[in-house]
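Structure first, then comments.
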Amino acid sequence: MMKGRAVTAFEQRVYDQVSLVPVGRVTTYAEMSKALDCHSAQAIGQALKRNPFAPEVPCHRVIRADHSIGGYAGQTGGEKLELKLSLLKSEGVEFNSVGKLVLPEKLFLFGARD
DNA sequence: ATGATGATTGGGG
DNA sequence: CCCCAATCATCAT
């Protein structure tokens, strides 16, 4: 039988990290790259786009550093993005007409205490 | 092993 | 808005 592709150590660390983001909060690719001591936010996106545990692992709670929505399920536009938006909205996180996070204080910074 | 790709980012025009 | 360089894990050859 077909065995799915193995989750790499790096991906596992990314998933563990994003799992720390609470419901109703979001973080950024850049913030995660710092927390994981990786110097490439894009590498974080690479791992998240291949997340085999979505939405168990909340990869939809990761947005861009400029507070815009970012991508989802391998897409940067289209229906999947709509899904990401509705998932976040159902958790109380919203974006304005310019596509930016309405309440920046909802950003979750690793290592910061509330 | 080498080259290309990408859910990014910060800088510049 | 668009373009570019830097960065790096993963994928295709």
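Numbered from 1 within each chain, the chains take letters A, B, ... in sequence-line order. Remember, it's a predicted structure, so these values are computed and weren't measured experimentally.
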For [X], report the nucleic acid contact type (base, sugar-phosphate, nothing); a contact means any heavy atom under 4.0 Å.
X       : result
A/Gly74 : base
A/Arg13 : nothing
A/Ala73 : base
A/Phe10 : sugar-phosphate

Point to revise | Same apolar cluster (I L V M F W Y, side chains within < 4.5 Å links), A/Val62/A/Val26 | key: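 No, A/Val62 and A/Val26 fall in different hydrophobic clusters.
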Review point. Can you pull the contact range of chain A along DNA chain B, 5' to 3', using atoms under 4.0 angstrom from its heavy atoms?
Key: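 Extent of the interface on DNA chain B: B/dT5 to B/dG10.
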Check your understanding: Does A/Arg50 place a side-chain N or O at less than 4.0 Å from the phosphate oxygens OP1/OP2 of C/dA9?
Key ->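 The answer is no; no side-chain N or O of A/Arg50 sits under 4.0 Å from OP1 or OP2.
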**Study point:** Nucleotide forming a Watson-Crick or wobble pair with C/dT7, both distances under 3.5 Å
**Key:**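 Pairing partner: none.
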Check your understanding: For A/Ala9 and A/Gln42, take the nucleotide of DNA chain C holding the closest heavy atom to each; which residue's nucleotide lies nearer the 5' end?
Key ->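 By nearest-heavy-atom nucleotide position, the 5'-most residue is A/Gln42.
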Hey, does [Y] have a side-chain heavy atom less than 4.5 Å from the side chain of [X]?
X       : Y        : answer
A/Arg61 : A/Glu91  : yes
A/Leu88 : A/Tyr72  : no
A/Glu31 : A/Phe110 : yes

Review point. Closest heavy-atom contact between A/Arg64 and A/Thr28?
Key: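 The pair with the smallest heavy-atom distance is O-CG2, 3.7 Å.
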Figure out the [atom1]/[atom2] separation between [X] and [N], and round it to whole Å.
X       : N      : atom1 : atom2 : result
A/Asn51 : C/dT10 : CG    : P     : 13 Å
A/Gln46 : C/dT7  : CD    : P     : 17 Å
A/Asp37 : C/dA9  : CG    : P     : 11 Å
A/Lys34 : C/dT7  : NZ    : C1'   : 16 Å
A/Ile44 : C/dA6  : CD1   : P     : 21 Å

Check your understanding: Salt bridge check: are A/Glu79 and A/Lys84 linked by an N-O gap of less than 4.0 Å?
Key ->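 So A/Glu79 does not pair with A/Lys84 through a salt bridge.
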Check your understanding: Does a donor on one side chain and an acceptor on the other come within less than 3.5 Å for A/Arg13 and A/Gln17?
Key ->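 Per modelled atom types, A/Arg13 and A/Gln17 side chains form no pair under 3.5 Å.
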